[in-house]
Student: 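This is the structure, below, for whatever I ask next.
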Amino acid sequence: MDLTKPAKALPVECAYCGATVPQKPGAGRVRRFCTPHHGAAYRHRLRVLGWA
């Protein structure tokens, strides 16, 4: 991990499908999923497996 750059400047892959997730510059969270559906499906799968 490169701590000399902002977190949004680093490439991020969708945790569900592995696609590159575009980031908006500026303040705010880093996007982890390419679509809201992929975020919901990922969290649902974690709940089913007993991780959350």
Side-chain angles (χ1 to χ4, degrees):
M1 182 173 190
D2 187 2
L3 298 176
T4 62
K5 297 179 184 173
K8 285 189 164 189
L10 301 173
V12 176
E13 291 183 355
C14 177
Y16 185 76
C17 67
T20 302
V21 180
Q23 301 293 321
K24 291 182 181 178
R29 296 188 299 203
V30 175
R31 290 186 64 199
R32 299 288 181 199
F33 302 100
C34 56
T35 63
H37 171 70
H38 282 183
Y42 181 81
R43 289 185 294 274
H44 180 263
R45 186 171 56 187
L46 286 180
R47 281 194 307 269
V48 167
L49 294 175
W51 288 97

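Just the heavy atoms: all of them, side chains too, but no hydrogens, waters or symmetry mates, feed the values below. Predicted model, so just to flag it, every value in this text is computed and none were measured.
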Student: Please name the pair of heavy atoms, one in Phe33 and one in Cys14, separated by the smallest distance, quoted to 0.1 Å.
Tutor: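 Taking Phe33 first and Cys14 second, the nearest heavy atoms are CA-SG, 3.8 Å.
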Student: In chain order, what residues pass the side chain to side chain contact (heavy atoms under 4.5 Å, CB included) check against Ala9, with sequence neighbours excluded?
Tutor: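 Ala9 satisfies side chain to side chain contact (heavy atoms under 4.5 Å, CB included) with Lys5, Pro6 once adjacent residues are dropped.
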Student: Has the side chain of Arg45 got a donor or acceptor atom that lies under 3.5 Å from a matching backbone atom of Val48?
Tutor: no
Student: Taking C-beta and beyond as the side chain, do Arg32 and Val21 meet within less than 4.5 Å on heavy atoms?
Tutor: no
Student: For Val12 and Arg31, which heavy atoms make the closest approach, and how far apart are they?
Tutor: CG1-O, 3.4 Å
Student: Checking Arg29 now: which residues fulfil side chain to side chain contact (heavy atoms under 4.5 Å, CB included) with it, not counting sequence neighbours?
Tutor: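 Counting only residues at least two positions away or on another chain, Arg29 forms no side chain to side chain contact (heavy atoms under 4.5 Å, CB included).
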Student: Any idea how His37 and Tyr16 line up, ring-wise: parallel (<30°), tilted (30 to 60°), or perpendicular (>60°)?
Tutor: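 Aromatic pair His37/Tyr16 classed perpendicular.
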Student: So, taking the atom named CZ in Arg43 and the one named NE2 in His38, what distance separates them when rounded to the nearest 0.5 Å?
Tutor: 12.0 Å
